[in-house]
Amino acid sequence: MKVPFLDLKRQYLAIRDEIDVAVAEVLDSGWFILGPKVAEFEQQFAQYLGVKHAIGVANGTEALQLALLAVGVKPDDEVILPANSYPSAFAIAATSAVPKLVDIDCKSFNIDPSLIEESISSKTKAVMPVHLYGQPSEMEQIVQIAKKHNLFVIEDCAQAHGAVYQGKRVGVFGDVGCFSFYPTKNLGAYGDGGMVVSNNDRLAEEIKQLRVYGEEKRYKSVVKGINSRLDELQAAILLVKLKYLDEWNQKRRKHAKRYLDLLSDVDLTLPKEVTGSSHVYHLFVVRTERRDELQRYLTKRGIGSAVHYPSPIHFQPSFKYLGYRQDDFSVSEKASQEILSLPMFPELSKEEITRVSETIHEFYE
Ligand SMILES: *Cc1c(COP(=O)(O)O)cnc(C)c1O
């Protein structure tokens, strides 16, 4: 039995009738960018999170970039983020601000709040916690530090649609929350898409302008914006899928529980849920010093796996200019050598999880 790391077709087949109707409706309407479907999806996504404003944009990276521009990040300002979240860094770099890396907590893989304060300087403008793998960051502490130092908080929720922290869904704890609808995410489009959410009227208005050339009205640009629009097809597809998000997240949690039970007696470090929050297992990430060996073993036996991410941001050649060195973020560096993402998606079967777990047992025997 082969087990894919991810199979998006299973989900499509399960909701095919609804999706096909929604797509045909958009094609018939002749309206393709920022139309009624986008408006409806924005409204429903805002309602789902319990937030005032939601603004559909082209992808998750630009959602973050727009949030940074809206809070007034300027070139050479510093923005704090965890050292292990590869995609997030590019949004900061796109604004010409400086990604200021902070090491992670070895258990949650999220930014270590106790290290934030020492990396704040007079140039720091914002903190960007990332709810990596679907697990909420420690927002209470992060927001407290940000308040004390007068910093904006921008949540990267690209892997955590529907994850709950202290009774509320992530995205509403900071000044702005940013989501990606890249096809593999917990709520995924059939193309690119993203969303910026906020309870702040001024920031929301700013982001609406910034996503269309900074226009106050058509062809009157009042601030330097970009072009980052959500399209009607993706919004129509996401409207169908949003109804299932909680059910799908429940399934991911159930699969995680099964993995945790079946793997409890092998020499692997398993994911741990931070108390008081609900992890939505965008990824199920285990940890072992024999990672490469284990991955080869699984691959040979037809079991998919992946590494998120194989190297921290400061090891990327394109971020060499930041001037960081080896050992600067030792927790992130060590994790990148040891983490392995196992198959995880809502449509995964019980038998497949058993098969993955048995194969891992065989490896250790
Ligand atoms: C996917 C992802 C992004 C970027 O989203 P895109 O839609 O691919 O641009 C940003 N941050 C994190 C943590 C992600 O997982």
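Whatever order the structure lists ligands and atoms in, that order sets their numbers, starting from 1. Bear in mind that the values here come from a model prediction, so they are computed numbers and not experimental data.
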Step by step, work out the salt bridge (charged side-chain N to carboxylate O under 4.0 Å, His left out) result for Glu338 and Arg287.
CA-CA 5 Å; Glu338 299 181 351; Arg287 185 169 178 165; 2.9 Å; yes
Between Asn200 and Ser198, is the side chain to side chain donor-acceptor pair (under 3.5 Å) condition met? List the steps.
CA-CA 5 Å; Asn200 182 313; Ser198 182; 5.3 Å; no
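Between Tyr364 and Tyr297, the gap from one ring centroid to the other reaches at least 6.0 Å. Taking the six-membered ring where the residue is Trp, the centroids of Tyr133 and Tyr281 are separated by 6.0 Å or more. Outside the 6.0 Å centre-distance limit, the rings of His255 and Phe284 are not counted as a close aromatic pair. Taking the ring centroids of Phe179 and His161, they lie under the 6.0 Å cut-off.
For atom 3 (C) of ligand 1, the closest heavy atom belonging to the protein is Pro87 CB, 3.6 Å. Taking atom 11 (N) of ligand 1 as the reference point, the nearest protein heavy-atom neighbour is Asp156 OD2, 2.7 Å.
When only interatomic distances are considered, the shortest N/O to N/O separation between Thr61 and ligand 1 falls below 3.5 Å. Residue Gly60 has at least one N or O atom closer than 3.5 Å to an N or O atom of ligand 1. The N/O atoms of Tyr182, backbone and side chain alike, include none that comes under 3.5 Å of an N/O atom in ligand 1. Between Gln159 and ligand 1, at least one N/O pair is under 3.5 Å apart.
Within ligand 1, counting atoms from 1 as listed, the ones closer than 4.0 Å to a heavy atom of Val130 are 13 (C). Atoms of ligand 1 lying under 4.0 Å from any heavy atom of Tyr309, numbered from 1 in the order shown and given with element: 15 (O). Less than 4.0 angstrom separates some heavy atom of Ala158 from each of these atoms of ligand 1: 2 (C), 3 (C), 10 (C), 11 (N), 12 (C), 14 (C), 15 (O).
Residue Glu215 is tested with Arg211, Arg218, Lys217 for a salt bridge (Lys or Arg N to Asp or Glu O under 4.0 Å); the sole match is Arg218.
Distances from ligand 1 to the non-hydrogen atoms of Lys185 include at least one value under 4.0 Å. In this structure, Ser85 counts as a contact residue of ligand 1, since one of its heavy atoms falls inside 4.0 Å of the ligand.
In the hydrophobic clustering of ILVMFWY residues, with side-chain heavy atoms under 4.5 Å counting as a link, Val196 and Phe90 come out together.
Heavy atoms from both the backbone and the side chain of Asn59 come within less than 4.0 Å of ligand 1.
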